[in-house]
Every structure is written in structure tokens, then in C-alpha cells.
Amino acid sequence: MDIESFQKDLIEWFEMEMRDLPWRKDQDPYKVWVSEIMLQQTRVDTVIPYFTRFLEKFPSIEVLANADEDQVLKAWEGLGYYSRVRNLQSAVKEVHEKYEGQVPDDPKEIATLKGVGPYTAGAILSIAYGKPEPAVDGNVMRVLSRILLIWEDIAKPSTRKTFETAVRGLISHENPSYFNQALMELGALICTPTSPSCLLCPVRDHCQAFDAGVQNELPVKTKKKKQRPVELVTAVLKDEQNRILIRKRPESGLLANMWEFPSAEVSIEYRSEKEQFKEYFKEEYQVDLSLGDMVGRIEHVFSHLIWNIHVFSGELQGDIQEGPALKLVKAEDLKEFAFPVSHQKIIKQFIDLEK
DNA sequence: TAGCCGTGGCT
DNA sequence: TAGCCAAGGCT
């Protein structure tokens, strides 16, 4: 492999073909940081409108550091992996207080920030600061597994080190930013998971997999397990003033700190799910309920589980104590709170926002 | 290490 | 349709 020739072909292709993306307008470390967090496990087309809105609302480290977490979560609503943005704000606060608002350019320091792992650290260091650090994501592993004919299982966490070592040997010290971005862009546009466009590839002549005709056999990636089904009852509960009861989820775990309609996991047993829910609710809030028939069901698929939500409507039979994590709100005000998509579906299908 | 942690688009 | 996949990180 002629490394200089490879770098040249790759970077020249990137300069010609790179997409015009909102986070490529400058190299502001904060913007690069926000974009890299949003792009984790998320498609470019999905991220674009969120990125633009997020930077309008939180244009600087100082603004985000001082922002209300509920507003931050609201700006992330629908993007998924919500701990990303809670970690981001936490890390931004640390940069604001400990580093005088300057994102560290030191590999060891930046790696200590919450939510900044090996990939994101390398991406910020190379793109914002021009440092020759590897930024190994799924694209890079796929592309390099083909070019270098690496048969290790990229689903194994330990495999990333192999690719980091490979990148350290290949990366352009003249333009580490473009080198890393070009590798990812190539993975997104040409060297795709299925049916790669090898005939359009700028580095085809350097690709061992193409040379051997095995580009469709790489990368090696073991399958993931199926999602576990979970049965849930969720109730849209109103008081005598027609206000709807919502609550905030716990500060850790699934959908942490997001809002939802009261819900309980039920088991398939002899007792009806309606009775199980009323019992749960009474125990949790010391208030009785009158529940009607099930108004519908919603299936929502997560990475590791499937919610099968049985939706009921009902009325609160007594006064309930509101608090920071429990509120009675008018239907028209639901839009002020950050709900996961599963509960946005409930709002859309079962709640009249005019009433 | 492997499981947890979202969502929407594509095949 | 069911599975797979996308610029990962945390525990």
C-alpha cells in the first residue's frame, strides 16, 4: 500500500464530493462537539434539523451550561438516546467552569468529559483542532476492513483498537480532519454496508477486498439478539377540570427524565390488566381510578426491547398531590413537555388537543 | 464483556 | 414484514 497515494486519492475525492452540511461551515469546537454527539447512531438527514434548532436555542457553551435541563431535553425530543444530551450538558458545564469555556485539545483531558468516548474525542481533536488522532466509527471499520482485508468481528468492542492502530499508520498529518471525515464520507456514500459502489470508489486501486473480489463478505459482524417484549398499561387520566396527569420518569435508565402518562408493566396472568394497573396506581399515588375499556394499543420498538402498550382512558376519583415529577396539565399544554416518541403516539391518537 | 440506551429509514 | 442499520458511550 502506497500510503501517500492513498491519502491523496481519498482527500481529493472528499474535497470534490463532500456534502454541504451545517456543521461543516466552520471548525468551532462546540459545534463540532454537538454534531458528533447528535450523529452517534443517528443518520445525517435526521440530525440536520435538530442541529440547526439546537444551535439557535443554545448557541454557545455558556448558554447551554446555564440552560434548564427540561428545555434541553425538549430540544432533543424525538432524537433518541436521551442520555447523550444530559451527558453533553453536564460536560459543557464542566468545560464552562473548569476550562473557562474552552473545549480541551488534549486527548487525555477531552476523554474525561461525560459522553465523549474514543470516537468522539478523536473526531473533535482532528476536525476542530487538526490533531492526527483516529476517529473510528462504524464507517471507518467497514471501509478499512475492506481496504486492508481485516476479518475481525467489528461487533466486538476490542476490535476497535485494531482499527485505531491502522488509522494511526494511515492518517494524513497534513490534513487529519479531512482524512478522518473522508473515511466516514466514503463509508456513507460509496463503501456502503450492502452493495458498495466500487466502480465509483476513489481508492479502489488501494482496496484489497476489491482486488480479491470479497468486498461483499466484509466487514465481519455478528448478529445482535432480538428485542424482549414488555407488556405495559398506560392511562390517559383526567381530573374534574379535564386536566391530564403526566409524570416525569426516573433520572436514570430508559428514557430518563422524559415525561410520560402513568404506566405500569403488567404480567399475563389470571387478573385483568386493568385491575393490575388500578392496584399499582393506588399503591403509588393513594388515589382511586375509574377506568374505561382499552382505547387502543401501541407497539414501540427500542434497541433492546419492545413495548406493547395497552392504552386506557380514565378519571381520577380524588385529589392528587402535584409535584416536580407529577403534573396536571391542559391538553393544549402537553407540547411544553418532552415526551418519548411512544407517548407522542398516544397524544396523537388518543388525545384531542383542542379540548 | 455484553447488555442497556431510541428512532426512523431501508431492504 | 422482520431484520438490519446509522458519525457510540456507559456500566
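Chain letters run A, B, ... following the sequence lines, proteins first and then strands; every chain starts at 1.
If you measure from atom CH2 of A:Trp33 to atom P of C:dG8, you get 18 Å, rounded to the nearest angstrom.
Here A:Lys226 reaches the OP1 or OP2 of C:dG3: one of its side-chain N or O atoms lies under 4.0 Å away. Close to C:dA6, at under 4.0 Å from its OP1 or OP2, lies no side-chain N or O of A:Thr46. Between A:Thr194 and B:dT11 there is no side-chain polar atom (N or O) within less than 4.0 angstrom of OP1 or OP2. The side chain of A:His300 contributes an N or O atom lying less than 4.0 Å from OP1 or OP2 of B:dT7. Distances shown here put every side-chain N or O of A:Arg84 at or beyond 4.0 Å from the OP1 or OP2 atom of C:dC10. Within the 4.0 Å cut-off from OP1 or OP2 of B:dT7, at least one side-chain nitrogen or oxygen of A:Tyr82 is found. Checking the phosphate oxygens (OP1, OP2) of B:dG3, a side-chain nitrogen or oxygen of A:Lys225 falls inside 4.0 Å.
A parallel orientation is assigned to the rings of A:Phe339 and A:Phe261, their planes being inclined by less than 30° (bins at 30° and 60°).
Closest-nucleotide positions on DNA chain B for A:Lys345 and A:His304 were compared, and the one nearer the 5' end corresponds to A:His304. Residue order along DNA chain B, read from the 5' end via each residue's closest nucleotide, puts A:Lys156 first among A:Gly80 and A:Lys156. Residue-to-nucleotide proximity on DNA chain C shows that, of A:Gly115 and A:Val44, the 5′-proximal contact is made by A:Val44.
In this structure, of B:dT1, C:dC5, B:dT7, it is C:dC5 that holds the atom nearest to the side chain of A:Arg43.
If you check distances only, the side chain of A:Thr42 does reach the base of B:dG6 with a donor-acceptor pair under 3.5 Å.
C:dG9 and B:dC4 make up a base pair, with Watson-Crick or G-U wobble contacts both under 3.5 Å.
Counting heavy atoms from C-beta outward, A:Tyr129 and A:Gln27 have side chains that stay 4.5 Å or more apart.
To the nearest whole angstrom, the two P atoms, one in C:dT11 and one in B:dG6, are 14 Å apart. Atom C1' of B:dC5 sits at a distance of 15 Å from the matching atom of C:dA6, rounded to the whole Å.
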